[in-house]
Amino acid sequence: MSPFQKGFIVTMLIGFLAGALAKLVMPGKDPGGCIITMLIGVAGAWIATLLGQAVNWYKVGEPTGFIGATVGAILLLAVYRMVVGNKAP
C-alpha cells in the first residue's frame with residue numbers, strides 16, 4: 001500500500017470519527033448515513049484548517065487535528081441547519 005493510500009484511509013477514518021462526534025454533540029435530523037458522516041468530518045477538517053490559517057493558528061500546509069475537524073464539522077452542521085432548518089421532533 002502506498003503512502004498516499006494510507007494517508008487517504010487515515011483521513012477518511014478521522015473524518016468519519018469527527019463527523020460522528022459532531023452528530024452526537026448536535027443531535028437532530030441530519031442528512032445521510034456513514035458516507036455523508038465521513039464527508040461532513042472531512043469537510044469540517046478542511047473548514048477548520050482554512051479558519052485556523054486565517055487567524056494564524058495553523059501555518060499554510062499544516063493540517064488541523066481531530067478536535068479541529070470535529071469543531072469544523074459542528075460548524076458545518078450548524079450552517080446546514082440554519083439553511084435547511086432543523087426538523088428534529
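Residues take their numbers from the sequence shown, with the count starting at 1. All values below were derived from every heavy atom in this structure, side-chain atoms included, with hydrogens, water molecules and symmetry-related copies excluded.
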> Is it true that atom CD1 of Ile67 has more than 12 heavy atoms of other residues, nucleotides or ligands lying nearer than 6.0 Å?
Replying inline: no
> Given Ile40 and Ile36, is the side-chain contact (heavy atoms from CB on, under 4.5 Å) satisfied, shown in steps?
Replying inline: CA-CA 6 Å; Ile40 288 170; Ile36 298 299; 3.9 Å; yes
> Can you name the side chain to side chain contact (heavy atoms under 4.5 Å, CB included) partners of Ile9, sequence neighbours left out?
Replying inline: Met1
>> Test of understanding: with side chain to side chain contact (heavy atoms under 4.5 Å, CB included), list the residues that count as partners of Leu51, not counting sequence neighbours.
In response: Ile47, Leu75
>> My understanding is that only residues two or more places apart in sequence, or in another chain, count here; which of them pass side chain to side chain contact (heavy atoms under 4.5 Å, CB included) with Ile14?
In response: Val10, Phe66
> With sequence neighbours left out, what residues match Ala48 under side chain to side chain contact (heavy atoms under 4.5 Å, CB included)?
Replying inline: Thr64
> Of all heavy-atom pairs between Ala73 and Ala22, which one has the smallest distance, and what is that distance?
Replying inline: CB-CB, 3.6 Å
> Do you know the tightest heavy-atom contact between Leu76 and Ala43?
Replying inline: CD2-CB, 3.7 Å
>> Surrounding CD1 of Ile35 (heavy atoms of other residues, nucleotides or ligands, distance under 6.0 Å), is the total greater than 12?
In response: no
>> Distance check, rounded to the nearest 0.5 Å: Ile74 atom CD1 versus Lys23 atom NZ?
In response: 13.0 Å
>> Is any side-chain heavy atom of Leu24 closer than 4.5 Å to one of Leu21?
In response: yes
